[in-house]
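Keep in mind the model is a prediction, meaning the values are calculated, not measured. The first residue of the sequence shown is numbered 1, and numbering continues consecutively from there. Just so you know, ligand 1 is whichever comes first in the structure, and atom 1 is the first atom listed for that ligand.
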Amino acid sequence: MTKYRICLLPGDGVGPEVSEATLQVLNALADYLDSKLDIRFIEGGDNYAQRYGQPLPEEAILAIRDSDACLKGPVGATAMDVTVRLRQMFDLYANVRPIKSYSNVQSLSDNVDFVIVRENTEDLYKGFEFELDDTTVALRVITKKSCLRIAEYAFRLARERNNKKSVVAVHKANVMRKTCGTFLAACREVARSHEEINFSDMLVDTAAMNLIRRPDSFDVIVTTNVFGDILSDEAAQIVGGLGMAPSANIGENFALFEPVHGSAPDIAGLGVANPLSMILSAKMMLEWIGSTRNDDKFRKAAAFLQRAVERTLLQGVKTPDIGGTSKTTDVASAVRESLSLGVRSLA
Ligand code: ATP
């Protein structure tokens, strides 16, 4: 029987709490998935670095190399050495961040449902920075190859998602003519081979405004690394905040799933962190396994999990960040229960 090997890196701050909640939820699906998920823990992040002097041990990298996917909690100050390093090491070129409104969670509009597709390996986050006397310089690296690849991913996603079938390329090509110019030209080139998709482009400042003004008008946004990073935190606030924001880092044959938020040290250990960002990241992982390994049960499990999250929120089981009084563990139990009911009804 094929088993899918998953590395689970709990991380720092609220990471262990939301990871435990997510693990419980995945365990509730174990029977339905014929125990095909083989989850092994790996270490890394701030706490690990404090104890052992480095943030990402070689054993963790080897375990990840030997797995199908990684589910990662947030790490704190070592994010550059862990998260960004893994994205670059495994060429996880597409950072996919769905933004969706849920019933019973305050949102700017009831019909928000879009995805930010962010190029994940280039731009200012390459980390090429220099000092020249008292001047500091950062290099913005944008290659045509990466732009074509991310644009292609965004158009394929728009084709599969729903009936809106639209892609907006977000850039600042009127000022950064070379780097954003390359990105925009690549998006236009890819658009020509996807005539069924409505393509348009938007300046990043206009996009920041329109996310607030008319968030329900978007379907797929494709953009470069830094703009995507900033816009996706803004977008998460539209639908209830970082506790509701999952993400995937997708490569050719491997992917890493993680909540968008950081380690949230201000609430770590209080038991009130919203686990839904990580639970929904695990849902994206099930979906990804389902489609890349052509395993229908995983696709269905992802759909069950989505519905279980929706039911949990409708029941009012919510952490304080989204207006509730529940604990992290209450949310995990409610999702688990709802999931078991859903799975049993199929049996
Ligand atoms: P880091 O240094 O790791 O980036 P941070 O506090 O600067 O941490 P985030 O961790 O992203 O950045 O947190 C930003 C705010 O969002 C904090 O007030 C935090 O409590 C809140 N927050 C983040 N994640 C969650 C969560 N899962 N549940 C509830 N609140 C959260």
Side-chain angles (χ1 to χ4, degrees), residues 8-26 43-50 55-56 71-87 95 97-102 104-107 116 118 120 125 127 225-226 228-249 256-285 305 309 312-313 316-335:
L8 175 58
L9 193 158
D12 302 309
V14 296
E17 299 163 56
V18 294
S19 296
E20 176 56 32
T22 305
L23 188 61
Q24 281 187 28
V25 167
L26 286 175
E43 291 194 280
D46 295 8
N47 285 334
Y48 188 87
Q50 265 164 24
L56 190 62
L71 187 56
K72 188 189 134 297
V75 294
T78 52
M80 183 75 188
D81 307 290
V82 179
T83 314
V84 178
R85 188 162 170 227
L86 287 173
R87 287 174 185 161
N95 192 318
R97 298 186 165 187
I99 304 292
K100 183 174 161 39
S101 50
Y102 286 88
N104 214 11
V105 177
Q106 202 173 12
S107 172
I116 297 181
R118 157 187 165 197
N120 215 15
Y125 292 173
N225 203 344
V226 177
D229 189 15
I230 298 166
L231 290 182
S232 52
D233 271 29
E234 180 196 352
Q237 294 309 314
I238 293 168
V239 292
L242 288 172
M244 296 298 298
S247 80
N249 299 265
L256 180 149
F257 301 83
E258 59 182 349
V260 168
H261 61 76
S263 61
D266 51 338
I267 55 166
L270 301 181
V272 294
N274 189 343
L276 292 180
S277 43
M278 186 135 176
I279 290 174
L280 289 167
S281 303
K283 182 221 115 183
M284 293 179 81
M285 180 182 80
L305 184 46
V309 167
T312 299
L313 291 167
V317 184
K318 303 189 293 186
T319 44
D321 58 307
I322 49 171
T325 53
S326 301
K327 296 277 195 186
T328 310
T329 47
D330 300 330
V331 177
S333 303
V335 174

Item to check | Val335 and Leu305, any side-chain heavy atoms less than 4.5 Å apart | outcome: yes
Next on the checklist: Please determine whether salt bridge (charged side-chain N to carboxylate O under 4.0 Å, His left out) holds for the pair Glu258 and Arg87, giving the CA-CA distance in whole Å, both sets of side-chain angles, and the decisive distance to 0.1 Å.
Outcome noted: CA-CA 12 Å; Glu258 59 182 349; Arg87 287 174 185 161; 2.9 Å; yes
Item to check | Non-hydrogen protein atom less than 4.0 angstrom from atom 11 (O) of ligand 1 | outcome: yes
Checklist entry - Should Val14 be counted as touching ligand 1, given the test is an N or O pair under 3.5 Å? => result no
Checklist entry - Would atom 21 (C) of ligand 1 count as contacted, meaning some protein heavy atom under 4.0 Å? => result no
Checklist entry - Does the side chain of Pro259 come within less than 4.5 Å of Pro74's, by heavy atoms? => result yes
Next on the checklist: Please compare Pro265, Pro259, Ala77 and report which has the shortest non-hydrogen distance to atom 8 (O) of ligand 1.
Outcome noted: Pro265
Item to check | Tyr125-Asp229 side chain donor-acceptor pair, cut-off 3.5 Å | outcome: yes
Checklist outcome for this item: If you compare Asp12, Asp46, Asp266, Val260 by their heavy atoms, the one closest to atom 19 (C) of ligand 1 turns out to be Asp266
Item to check | pair Thr319-Pro275: side-chain heavy atoms closer than 4.5 Å | outcome: yes
Checklist entry - Would a search of protein heavy atoms around atom 15 (C) of ligand 1 find one under 4.0 Å away? => result no
Checklist entry - Less than 4.5 Å apart, any side-chain heavy atom of Val75 and any of Met80? => result no
Next on the checklist: Pairs of nitrogen or oxygen atoms closer than 3.5 Å, one from Ala264 and one from ligand 1: do any exist?
Outcome noted: yes
Checklist entry - Relative to atom 25 (C) of ligand 1, which among Gln237, Met244, His261, Glu17 owns the nearest non-hydrogen atom? => result His261
Checklist entry - For ligand 1, which part of Asp321 has a heavy atom less than 4.0 Å away: the side chain, the backbone, both, or neither? => result side chain
Item to check | Side chains of Ser19 and Met278 in contact at under 4.5 Å (non-hydrogen atoms) | outcome: yes
Item to check | Option from Leu313, Thr22, Val18 for which side chain to side chain contact (heavy atoms under 4.5 Å, CB included) with Leu276 holds | outcome: Leu313
Checklist entry - Which of the atoms of ligand 1 are close to Gly262, meaning less than 4.0 Å from one of its heavy atoms? => result 3 (O), 4 (O), 9 (P), 10 (O), 11 (O)
Checklist entry - Against heavy atoms of Ser263, which atoms of ligand 1 measure under 4.0 Å? => result 1 (P), 3 (O), 8 (O), 10 (O)
Next on the checklist: As a check for students: among Ile267, Leu242, Val75, Thr319, identify the option with a heavy atom nearest to atom 31 (C) of ligand 1.
Outcome noted: Ile267
Checklist entry - Within the distance-only criterion (no hydrogens, no angle test), does the side chain of Gln24 pair as donor or acceptor with the backbone N or O of Ala332 below 3.5 angstrom? => result no
Checklist entry - Under 4.5 Å between any side-chain heavy atoms of Lys100 and Leu280, yes or no? => result no
Checklist entry - Counting from 1, what ligand 1 atoms have a heavy atom of Gly76 closer than 4.0 Å? => result 3 (O)
Checklist entry - Where the closest heavy atom to atom 27 (N) of ligand 1 is concerned, which of Val272, Val18, Leu276, Asn274 has it? => result Asn274
Item to check | Contact with ligand 1 for Ala273, non-hydrogen, under 4.0 angstrom | outcome: yes
